[in-house]
**Q** 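Dropping the structure in here first, questions after.
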Amino acid sequence: MDSQGDSLKPTPVVRAAAFSVHIFTAFGAAIALLAMLEAVREHWAAMFGWLGVALIIDAIDGPIARLLDVKTVQPNWSGDVLDLVVDFVTYVFVPAYAIVASGMLLPVAAPLLGIAIIVTSALYFADLRMKADDNHFRGFPALWNAAAFYLFLLHWPPLSSTLLVAALVVLTFVPFHVLHPVRVVRLRWLTMSLVVLWGLLGFYALEMDFRAGTAVTIALCAIALWIAFSDALIRLVRSFG
């Protein structure tokens, strides 16, 4: 019986491969440090470039982990907790610093909104209801890396940017549904196509130091609106049908 049980245990090679996925995920936090160093130097495009690398890591580590059955092979290490830790620094902390330190907000409001971003996002990450049954996010899903990107892209007056950030802080706890680009099955082909297009246009915008032109800016904003409000739009159309 013992020999049969031993034969079912994963081999050292399999265990090492599974643990390497956790190391790969943890590198997202290291990438966040590089992004923070660029932010401190006010090299904003470079900062977003590193955050983009972290986003790629976050997009592919989950499928790799499921392929290698990491949860079963390495049960003492929580990929979910590790992912939340890395996501907090890449999606929230570094972008929050950029939003506060870039001078885009009203000076009086900037530190207060920075604190609000950090606190509300921490609460959001701890909310077990952050995802609906159909894998949509509930409320603004603390995508402050995306919010910061659009603030730099649009470069609104400080009052407008301040009001937008304040609104997103409030919307964190408003139970509307925001599309998860990867896990929502409905119209996934369209969503993934738009995500790829967004990535290409976003890279171009960074290469142009956010002087991307009207057409690219409109396209990037349209994709953001689809991610944020497509569920509400589809539900509205179905209600009339």
Side-chain angles (χ1 to χ4, degrees), residues 35 38-39 41-56 58-59 90-92 94-107 109-110 113-114 117 136-137 139-172 174 176-182 184 186-237:
E38 297 294 353
R41 300 185 186 105
E42 297 188 358
H43 298 167
W44 305 118
M47 179 201 76
F48 281 109
W50 284 117
L51 290 180
V53 174
L55 191 63
I56 293 172
D58 186 45
T90 56
Y91 283 70
V92 179
V94 176
Y97 172 83
I99 291 171
V100 172
S102 60
M104 291 188 296
L105 306 182
L106 294 174
L113 286 175
I117 289 171
H136 280 81
F137 291 109
F140 173 66
L143 294 176
W144 289 105
N145 51 352
F149 174 84
Y150 280 99
L151 287 173
F152 278 89
L153 178 68
L154 298 174
H155 204 74
W156 285 348
L159 177 59
S160 299
S161 297
T162 298
L163 292 174
L164 175 61
V165 171
L168 292 177
V169 168
V170 173
L171 287 173
T172 302
V174 176
F176 72 103
H177 285 187
V178 176
L179 186 66
H180 190 301
V182 176
V184 173
R186 185 180 62 198
L187 296 178
R188 180 183 284 169
W189 63 271
L190 175 59
T191 302
M192 294 306 299
S193 299
L194 291 175
V195 167
V196 171
L197 177 60
W198 187 94
L200 295 173
L201 295 178
F203 178 78
Y204 174 77
L206 295 182
E207 283 292 301
M208 299 301 294
D209 198 22
F210 298 103
R211 295 185 291 271
T214 303
V216 172
T217 301
I218 290 175
L220 286 168
C221 290
I223 295 172
L225 291 173
W226 169 260
I227 298 295
F229 299 112
S230 61
D231 181 72
L233 178 62
I234 291 172
R235 290 175 185 271
L236 180 63
V237 171

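None of these values were measured; they are calculated from a predicted model.
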**Q** Is there side-chain contact between Thr90 and Leu55, with heavy atoms separated by less than 4.5 Å?
**A**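 No. Closest side-chain heavy atoms not under 4.5 Å.
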
**Q** Using 30° and 60° as the class limits, which term best fits the ring planes of Trp44 and Tyr97: parallel, tilted or perpendicular?
**A**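 Judged by the thresholds at 30° and 60°, the geometry between Trp44 and Tyr97 is tilted.
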
**Q** Any donor and acceptor pair, going by atom type alone, linking the side chain of Ser161 with main-chain N or O of Pro158 inside 3.5 Å?
**A**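 No, because the side chain of Ser161 does not come within donor-acceptor range (under 3.5 Å) of the backbone of Pro158.
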
**Q** Of the non-hydrogen atoms in Leu153 and Ala205, which two are nearest, and what is the gap between them?
**A**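 For Leu153 versus Ala205, the nearest heavy atoms are CD1-CB, 4.3 Å.
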
**Q** To the nearest 0.5 Å, tell me how far Ile218 CD1 sits from Leu201 CG.
**A**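 One finds 12.0 Å between CD1 of Ile218 and CG of Leu201.
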
**Q** If the condition is side-chain hydrogen bond (donor to acceptor under 3.5 Å, both in side chains), which residues does His155 pass it with, not counting sequence neighbours?
**A**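 Result, side-chain hydrogen bond (donor to acceptor under 3.5 Å, both in side chains) vs His155: none returned.
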
**Q** Counting N and O atoms only, with roles assigned by atom type, does the side chain of Tyr204 sit under 3.5 Å from a partner on the main chain of Val216, one being a donor and the other an acceptor?
**A**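 Not at all, since once roles are kept as given, no pair shorter than 3.5 Å links the two residues.
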
**Q** Under the 3.5 angstrom rule, does the side chain of Ser102 hit a backbone N or O of Ala98 as a donor-acceptor pair?
**A**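 Side chain of Ser102 to backbone of Ala98, a donor-acceptor pair under 3.5 Å: yes, one is there.
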
**Q** Working to the nearest 0.5 Å, report the span between NE2 of His177 and CD1 of Ile234.
**A**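 Spacing of NE2 (His177) from CD1 (Ile234) equals 12.5 Å.
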
**Q** Name all residues meeting the side chain to side chain contact (heavy atoms under 4.5 Å, CB included) criterion together with Ile99; count only those two or more places apart in sequence or in a different chain, and write none if there are none.
**A**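 Side chain to side chain contact (heavy atoms under 4.5 Å, CB included) check on Ile99 returns Leu105, Ile117, Trp144, Ala148, Leu151, Val165.
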
**Q** Does Thr191 reach the side chain of Leu179, with side-chain heavy atoms less than 4.5 Å apart?
**A**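 Heavy-atom side-chain distance check passes, below 4.5 Å.
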
**Q** Any non-hydrogen side-chain atom of Leu51 less than 4.5 Å from a side-chain atom of Tyr91?
**A**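 Not touching, per the 4.5 Å side-chain cut-off.
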
**Q** Look up atom OG1 in Thr217 and atom OH in Tyr150, then write down how far apart they are to the nearest 0.5 Å.
**A**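 Between Thr217 OG1 and Tyr150 OH, I get 9.5 Å after rounding to 0.5 Å.
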
**Q** Are there over 12 heavy-atom neighbours, none belonging to Phe203, within less than 6.0 Å of that residue's CZ?
**A**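 Open.
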
**Q** Working to the nearest 0.5 angstrom, can you tell me the gap between Leu154 CG and Phe149 CZ?
**A**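 CZ of Phe149 is found 9.0 Å from CG of Leu154.
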
**Q** Is the gap between the ring centers of Phe152 and Phe48 under 6.0 Å?
**A**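 Under 6.0 Å, so yes.
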
**Q** Quick one, Leu190 and Leu194 - any side-chain contact, counting heavy atoms below 4.5 Å?
**A**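 Heavy-atom side-chain distance check passes, below 4.5 Å.
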
**Q** What is the minimum heavy-atom distance between Val178 and Gly139, and which atoms define it?
**A**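 That would be CG2-O, 3.5 Å.
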
**Q** Do Leu143 and Ile227 make a side-chain contact, defined as non-hydrogen atoms from C-beta onward lying under 4.5 Å apart?
**A**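 Not touching, per the 4.5 Å side-chain cut-off.
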
**Q** Within a strict 4.5 Å, meaning less than it, do heavy atoms of the Phe229 and Asp231 side chains meet?
**A**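 Of all side-chain heavy-atom pairs linking Asp231 with Phe229, none is under 4.5 Å.
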
**Q** So which heavy atom on Phe140 is nearest to which on Leu168, and how close?
**A**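 Closest approach of Phe140 to Leu168: CD2-O, 3.6 Å.
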
**Q** Can you tell me how far CE of Met47 sits from CG of Leu206, rounded to the nearest 0.5 angstrom?
**A**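 Answer for the CG-CE pair, Leu206 versus Met47, is 9.0 Å.
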
